[in-house]
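Worksheet for the structure shown next.
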2 protein chains.
Amino acid sequence: MNPEPRNSRVSETPDPPSRGPQLSEQVAQRLSDAIQAGEWGRGARLPTEAALGERFGISRSVVREAISMLRNGGLVTSRRGSGSFVAESPTVSLRLAIPDPDLQSVVEVLELRRPLEVEAARLAAERHTPSQLRRIRNAMADIDEAVEAGLSGVDQDLAFHRAIAEAANNSHFTAVLDFYNRFLHQAIRVTRTNESLRDTFMQQVVAEHQAILDAIAAGDGEAAARAAATHLEHAETRLRQAPTDLLERVEAQRGSASISSTESTGGNSR
Amino acid sequence: MNPEPRNSRVSETPDPPSRGPQLSEQVAQRLSDAIQAGEWGRGARLPTEAALGERFGISRSVVREAISMLRNGGLVTSRRGSGSFVAESPTVSLRLAIPDPDLQSVVEVLELRRPLEVEAARLAAERHTPSQLRRIRNAMADIDEAVEAGLSGVDQDLAFHRAIAEAANNSHFTAVLDFYNRFLHQAIRVTRTNESLRDTFMQQVVAEHQAILDAIAAGDGEAAARAAATHLEHAETRLRQAPTDLLERVEAQRGSASISSTESTGGNSR
DNA sequence: ATTTAACATCTTGTCTGACAAATTTGGCGC
DNA sequence: GCGCCAAATTTGTCAGACAAGATGTTAAAT
């Protein structure tokens, strides 16, 4: 029964929501700024949704959307019945678009990965625990097994490299390598499943893997680094040898499958 | 005493929302899964919020929250009046918590950064454009300027390293280094502002920077890599020389932020 | 007096309905 | 076919209500 414009209710507008792109985004931005300005310290409970709505002159829905953004950004956490809190450990996030992979972008990613894997191999040689070394060996055996079973062995290959990164005992290596693995997964698979190349390649790959493993087992960091560097250089060479093939296959796959993955919401504990 | 499910209103439940942690999260997960399963291809418009609500047996609010999560995760985009669409280029995200910096975590990050900066220096030597070299020189001059002005020069120092990463002409290097810079910013500042150490340190730092710059300017990738490696090893040494100082300062900064009762069971599920 | 149990209150999560704003669609005249 | 306008569609925002869970207070019990 009140067809008046929606903002006439505010006799004294507490804060005129400036017309703009997205109201909830503006609010999220202002809240984010306020948090980083230290208005509420780490772990502090921030005002209730109703209070924030009044403060910004908006409805609770918008406040909830804004807080949802901050929550997804890792800046706040919410507990039902209790409130929303500034995160104890704010997070920064690095995002990577996953377009249709082309040779250029794959090469760029490999360029970044190479020094990381080399260093990871060096650290793994120096720090690996017995169980970690065992896991690397198992991963290598899994590759053979998968290949003999006629599979591409891509997942097992990635698992091998991941086991090495784990043995470096520095979680950042696994995190970054996992991150870029999501990007490389498809591209690697494309080259590896190329039938004509697989047989000759696999011999090389196995030998190179063995060299890395031996160096790590021997605790020789320098040798492990060299072996890893060699392996990755050869991997790039192998990739470059089948560029047309790569592009063909990618093109064929474009229509149906959307390659991607985002962990928008974290893992469920149960 | 009557725990009748709140969904008794639905005579035929289209899809019983299983009891769980967060309803909207479940829906977001299921939507994410459906997208990755290819139910809707890239750029496709997904069903209206009302339709999704009916499909999952939930209200539009929850659908909106779920879609909001996916949107923040870079998986979908929404256009008012038009609909919500699967993103053309989905993204993966890497997240890093920024706790109160302790020596251990800083060292781990530096361990990851070192091979990246070394490789970036090598690539910069081989690929830099004249304007990029100019920018590196300017950044180095800015450090001196800032230090003479009594500032810490931290921002200028980071800008110097960033200019090198830019000259590598591989965007992933700048992205990852920027990412970890957010983490290191505070820690570096703490050590650098240590008055007693600054004078002697700055001479070393300037000399090491100069060596990197000369190698890059000469186009000598190997020399640039060596100079960068030396610089970063020394940086870690300098950091380790003032561990107590670091911890002191960090402790001093914690006071301002009210650290309320830390729930033992609290933890963070994400 | 201390511990335990019930209660009142507060806060976020979800539901429902409505309207606003922007886009898409269809029809109409030409 | 093309341009223009109105209607239908869809997301964004508002408003109010209840449910679910957490917190703090009070009363009871030992």
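Atom set for the values below is all heavy atoms of this structure, side chains included, hydrogens, waters and symmetry mates excluded. Below, chains carry the letters A, B, ... as their sequence lines are ordered, and counting in each starts from 1.
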Distances for protein N/O vs nucleotides 8-13 of chain C N/O pairs under 3.5 angstrom?
{"unit_1": "C:dT11", "atom_1": "O2", "unit_2": "A:G81", "atom_2": "N", "d": "3.3"}
{"unit_1": "C:dT12", "atom_1": "OP2", "unit_2": "A:E49", "atom_2": "N", "d": "3.2"}
{"unit_1": "C:dT12", "atom_1": "O4'", "unit_2": "A:G81", "atom_2": "N", "d": "3.4"}
{"unit_1": "C:dG13", "atom_1": "OP2", "unit_2": "A:R64", "atom_2": "NH1", "d": "2.8"}
{"unit_1": "C:dG13", "atom_1": "OP2", "unit_2": "A:R64", "atom_2": "NH2", "d": "3.2"}
{"unit_1": "C:dG13", "atom_1": "N7", "unit_2": "A:R60", "atom_2": "NH2", "d": "2.8"}
{"unit_1": "C:dG13", "atom_1": "O6", "unit_2": "A:R60", "atom_2": "NH1", "d": "3.4"}

Atom-to-atom span, CZ of A:F56 to C1' of D:dC14 - whole angstrom | 18 Å
Under the side chain to side chain donor-acceptor pair (under 3.5 Å) test, which residues partner A:T129, sequence neighbours left out?
-> A:S131, A:Q132
In whole Å, what is the span from the CD atom of B:E54 to the C1' atom of C:dC15?
-> 15 Å
With sequence neighbours left out, write down each residue that passes side chain to side chain donor-acceptor pair (under 3.5 Å) with B:E65, or none if nothing qualifies.
-> A:R64
B:A44: partners by side chain to side chain contact (heavy atoms under 4.5 Å, CB included), with sequence neighbours left out = B:W40
Sequence neighbours excluded, which residues qualify as side chain to side chain donor-acceptor pair (under 3.5 Å) partners of B:E88?
-> none
Ring pair (Phe, Tyr, Trp, His ring centres under 6.0 Å) against A:F160, all qualifying residues, sequence neighbours excluded = A:H209
